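Heads up, the thing below is written out as structure tokens.
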Amino acid sequence: MTDVTQPPGAAATLRRWWQRTSRPAEAAKRVQFDRPLLPWLFLMPQLAVIFVFFYWPSVQAITSSFYLEDPFGFGASFVGLDNYRDALGSAEYRRIAGFTALFTALVTALSLGLGLLFAVKADKVIRGRSTYRTALISVYAVAPPVAGLMGMMLFDQHIGPFVTLAAKFGWTMQVGINYWDTAFAMILVSVWKQVPYNFIFFLSGLQGIPASVREAAVIDCKNGFTRFRTAILPLLAPTAFFLLIINITYALFDTFAVIDVMVKDKPANNPITLVYKVYNDGFRGNDIGGSAAQSVILMVVVLVLTLVQFRWLERRVHYG
Amino acid sequence: MASIDISNVSKTYPGASAPSVSDINLSIRDGEFIVLVGPSGCGKSTLLRMVAGLEDITGGEVHIGDRLVNRVDPADRDIAMVFQNYALYPHMTVRENMAYGLKNRRTPATEIESRVAEAARMLELGPYLDRKPRALSGGQRQRVAMGRAVVRQPAAFLFDEPLSNLDAKLRVSMRGEIRRLQKRLGTTSLYVTHDQLEAMTLADRLVVLNAGRIEQVGAPLDIYHNPASTFVASFIGSPAMNLIDAEIRGSSLHIGATEVPLGSMQAAQGPVTAGIRAEDLQVTGHGLPFRVDFVEELGAQRLVHGHVEGQPLTLALTPDAALHDAFHLSIRPGALHLFDTRSGRRLPQPESGVFASRVLA
């Protein structure tokens, strides 16, 4: 990070990161357009998609978060920051935010850790390597609601093998009834679903490390773990950094389906995350304004998290 | 500082039907510079990697010093390796790259400091110590890789085609640098290359490998002047030695319709392969009829490609020699090599004194 010519700030960091990751393509693909409108025309389809599915709903959410909306769409009254005050002031909201933080931290750490572990192990397999890899990757093809359903069956009170297993250790597992049992199942299924994704990236990252660098390290360092930590892991840092951001986003948003299957139609007092509460309040409770305020809060949190990561973590990442 | 003894070493890769390296015997004296040379796929890198411990040894034994190292971890073999694509750690500075191996061996920090400084001075890497490898040129990177080997002060250096990624000019200067460094440190070195020129210029002794076996071991000039087989003859020397189908009848060599007297009765009779280096052919008034196809100008000499009695032949001439479409050639006394046509092995050579090269048309 010796480049100090760029102005400081998150946007500049992002831009620099982008320039660095896309450097080889940049030189080759720089094309001069003589008519200024043409490049915009080429960008149109992409911009249209982003606009319709991201900017417009975002603006809608921000607008509605300042209104108290009639549940049946008969009008809205401006309430200023009341929706935000209500959300942040509520003890329930803070409890769910706390659980979301725990859930996100655990899911991210476990799926990154297991993905890396499997990738390192699978990378060493020579005989039957494609069988192992396919077996590990195939889970990624399972759709999140299906994964949730499978998880539900595995943890079912009557037929779930996990419950039977837990009972052998004297643990009466009651997913859907007991708060922490449900949390355990939710985390397990979410991790299981995400590990293959991390596995693919870590594996390809490992294979991008030249064999001779590894061999040089074998000669230079006898201890396998130290060698991995000092010579291999730093070369995986760009992959790990990318995956960290993706995994946090996954844990915050994409686990929705898993959570939905696990807690829907179950007695109350089950753990849910913030994004599920947004859905619950908005579409079950018909509190559009409050729900919009919550989703804006969530958006800000993710934005800040991502920027912090770029700002602080990215400095330590070495791009080959 | 140590000798390396390779005895009956073989390597068969799992699933392969034939061994990649078979039954290699080689003993390397302390401080010697040995070059393994051969075409790609001849097993030279495999042999080197078995000494390094990066490949398992299927059969035979490798001793470094008086220690059997077959089952010893690469890090404990007391060797340092220089790789073709440098294999520097991209996330470490030059200094850290060089210090890494020492640090893992728990060398005291002051000792590391002084060894790195010494290596940097020797390899003129001082100004680059705090740079990352990506900010260096190819030649500088290879010097760092050598520095990494030097600071370890190992029993042996192993070089795996270290100059192949450099451009021709840099290769020549780095070649000199490697030789100088090795002479100065006196460290036993095993060097793999497919470039016969590199092999000739660097080696104390040359090991020519072909299809996993040793064809010949010897000092570069010995091998150049007395190649043990047609393979060695065609591999060592540039341009490659001319190999011509001929026949020995009595005391003379017949190349097509031309007869070359050898002076005395030959032990070998019948078809042979005659080897003649391009520079051992002389233009005379009569002799082997040579027709010119094309000429390559190299500046210091010119290579004339053509054929004699329907067989291709290359001739090296001084640039001031006159060029014609056809020449008559004679073979310089003592410069004719005879090989068995079938096995390619060297045959007992005609006595050079008697073979005074009066070539008859």
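Just so it is clear: chains get the letters A, B, ... in the order the sequence lines come, proteins before strands, and each one is counted from 1. Keep in mind it's a predicted model, so treat the numbers as computed, not measured.
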Under 4.5 Å from any heavy atom of chain B - which part of A:A217: both
For [X], is it the side chain, the backbone, both, or neither that has a heavy atom closer than 4.5 Å to a heavy atom of chain A?
X: B:I79; answer: both
X: B:R49; answer: side chain
X: B:D76; answer: side chain

With rounding to the nearest 0.5 Å, note down the distance linking [atom1] in [X] to [atom2] in [Y].
X: A:T230; Y: B:H91; atom1: OG1; atom2: NE2; result: 6.5 Å
X: B:L54; Y: A:E215; atom1: CG; atom2: CD; result: 4.5 Å
X: B:M92; Y: A:L235; atom1: CE; atom2: CG; result: 8.0 Å
X: A:I219; Y: B:N104; atom1: CD1; atom2: CG; result: 13.0 Å
X: A:I232; Y: B:Y89; atom1: CD1; atom2: OH; result: 8.5 Å

If you look at every heavy atom in B:A87 and A:A216, which pair is closest and at what distance? O-CB, 3.8 Å
Could you pull out the closest heavy-atom pair between A:V218 and B:A75, with the gap in Å? O-CB, 3.6 Å
Would you indicate whether [X], at its atom [atom1], is surrounded by more than 12 heavy atoms from other residues, nucleotides or ligands within a distance under 6.0 Å?
X: B:E124; atom1: CD; result: no
X: A:M44; atom1: CE; result: no
X: A:Y132; atom1: OH; result: no
X: A:Y55; atom1: OH; result: no
X: B:E113; atom1: CD; result: no
X: B:D66; atom1: CG; result: no
X: A:K121; atom1: NZ; result: no
X: B:N70; atom1: CG; result: yes

Heavy atoms only, distances under 4.5 angstrom: which of B:M81, B:R105, B:R77 has the most pairs with chain A? Name it, please. B:R105
Could B:K103 and A:D220 be called an ion pair, given the rule that one side-chain N must be under 4.0 Å from one carboxylate O? no
